[in-house]
Amino acid sequence: AGVTPIFAVNFWAYDTARTLLASAEGKTVPELGLGSVGLAGALSAIPTTAIMAPGERIKCVLQIQTDSARFNGPIDVVKHIVRTEGVRSVFRGSLATLLRDGSGSLAYFSVYEGVKRALTPEGGTLSPTAVILGGGFAGVCNWLIAMPFDVVKSRIQTAEGAAVHKGIVAHARELLAEEGFVGLYRGVSPALLRAFPANAACFLGMEGAKHVLSRWL
């Protein structure tokens with residue numbers, strides 16, 4: 001349910017940030033360096049978090065539900081959280097989500113742009129191969145950077161009892177003490193397996209939509 005608005009806001013924010021940075025640097029958007037492209041990606045996470053954080057909170061609660069405490073879908077989760085913890089709790093983990101998506105998006109967009117530029121000849125046309133490879137590697141790099149923040153975020157969003165009041169640093173230290181550095185990358189294998197095809201498809205869809213819509217708008 002959240003994928004369409006999240007990616008719509010994310011790509012809109014990214015393009016807006018690129019335009020603002022290009023104006024500040026006295027350049028056109030295509031002339032921006034990869035550092036500025038990465039910064040635009042990181043900034044795009046700010047408005048995206050407003051949608052992403054509550055969606056992640058609901059998703060994480062659903063993923064750890066037990067037979068004795070089973071919910072009838074996302075709406076039931078929201079009702080339960082608001083009733084037992086208040087509206088503010090729906091947004092628990094927002095800072096961790098912002099750190100995850102900010103760092104991940106920095107890699108995501110800069111890697112995509114770097115691969116795209118490397119595979120597109122000067123004055124040439126962007127090819128589907130460049131888009132697919134750029135999007136795929138962008139997705140992989142995104143998760144390699146963002147995974148530790150994601151693991152800590154999930155602990156924050158599913159915490160109960162006294163752990164609810166612990167911050168990002170406290171949760172990270174506890175995780176490192178319990179599982180070591182490898183604990184920060186728990187679940188990275190399925191994330192990486194999904195990352196390449198999913199993000200290759202995402203960027204291919206985005207570039208295709210831009211190409212079609214540019215003829216009509």
Side-chain angles (χ1 to χ4, degrees), residues 1-59 74 91 94 97-146 150 191-217:
V3 166
T4 298
I6 285 169
F7 274 98
V9 171
N10 186 227
F11 279 103
W12 164 78
Y14 168 63
D15 279 338
T16 300
R18 282 197 307 170
T19 301
L20 292 174
L21 288 172
S23 177
E25 296 178 20
K27 300 177 179 179
T28 63
V29 170
E31 292 173 337
L32 283 175
L34 293 182
S36 296
V37 170
L39 177 58
L43 292 173
S44 74
I46 297 175
T48 308
T49 299
I51 306 172
M52 181 73 81
E56 288 283 304
R57 171 86 160 106
I58 296 164
K59 175 178 72 70
F91 291 87
S94 291
T97 302
L98 177 60
L99 291 173
R100 181 197 68 175
D101 293 345
S103 60
S105 293
L106 187 153
Y108 191 61
F109 287 107
S110 59
V111 168
Y112 173 69
E113 190 66 25
V115 173
K116 187 174 74 170
R117 291 179 183 182
L119 296 180
T120 304
E122 186 77 27
T125 303
L126 179 64
S127 69
T129 300
V131 175
I132 290 170
L133 290 177
F137 283 117
V140 170
C141 291
N142 171 82
W143 279 112
L144 287 174
I145 298 296
D150 183 66
L192 293 180
L193 287 172
R194 182 192 68 175
F196 195 100
N199 289 284
C202 175
F203 275 101
L204 190 63
M206 182 273 292
E207 294 287 4
K210 285 174 63 177
H211 178 72
V212 171
L213 291 173
S214 66
R215 297 185 174 187
W216 298 92
L217 299 177

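Please read these numbers as outputs of a predicted model, since none were measured by experiment.
The heavy-atom pair separating N10 from S105 by the smallest distance is ND2-OG, 4.3 Å. Taking both residues in full, the closest heavy atoms of L34 and G114 are given as CD2-N, 3.8 Å, listed atom of the first, atom of the second, then distance. Nearest heavy atoms, V140 versus L192: O-CD2, 3.7 Å. Scanning all heavy atoms of the two residues, the minimum distance from A146 to G104 falls at CB-CA, 4.1 Å. In terms of heavy-atom proximity, W216 sits nearest to V212 at CD1-O, 3.0 Å. The two residues L133 and V115 come nearest to each other via the heavy atoms C-CG1, 4.1 Å.
The side chain to side chain donor-acceptor pair (under 3.5 Å) test with S36 is passed by exactly one of K27, R18, E25: E25.
Other residues, nucleotides and ligands place no more than 12 heavy atoms under 6.0 Å from the CZ atom of F137.
Pairs passing the side chain to side chain donor-acceptor pair (under 3.5 Å) check and including a residue from residues 192-202, sequence neighbours excluded, read Y108-N199.
The structure places OG1 of T97 at 11.0 Å from CZ of R57, a figure rounded to the nearest 0.5 Å. Once rounded to the nearest 0.5 Å, the distance linking NZ of K210 with CG of D15 reads 5.5 Å. Rounding to the nearest 0.5 Å gives a distance of 9.5 Å between OG1 of T48 and CG of L98. A distance of 6.5 Å separates CG of L43 from CG of L21, quoted to the nearest 0.5 Å. The line from CG of L119 to OG1 of T129 is 8.5 Å long, rounded to the nearest 0.5 Å. Summarising the geometry, atom CD belonging to E56 is positioned 7.0 Å from atom CD1 belonging to I6; distances are rounded to the nearest 0.5 Å.
For the pair I145 and L106, the minimum side-chain heavy-atom distance is 4.5 Å or more. Counting heavy atoms from C-beta on, the side chains of Y112 and V37 never come closer than 4.5 Å.
By the side chain to side chain contact (heavy atoms under 4.5 Å, CB included) test, F11 pairs with F7, F109, C202, F203, M206, sequence neighbours left out. Residues passing the salt bridge (charged side-chain N to carboxylate O under 4.0 Å, His left out) test with E113 are K116, R117, sequence neighbours excluded.
Looking only at distances, a side-chain donor or acceptor of S44 sits under 3.5 Å from a matching main-chain atom of G41. Side chain of S103 to main chain of L99: a donor-acceptor pair is present (N/O by atom type, distance under 3.5 Å, no hydrogens or angles).
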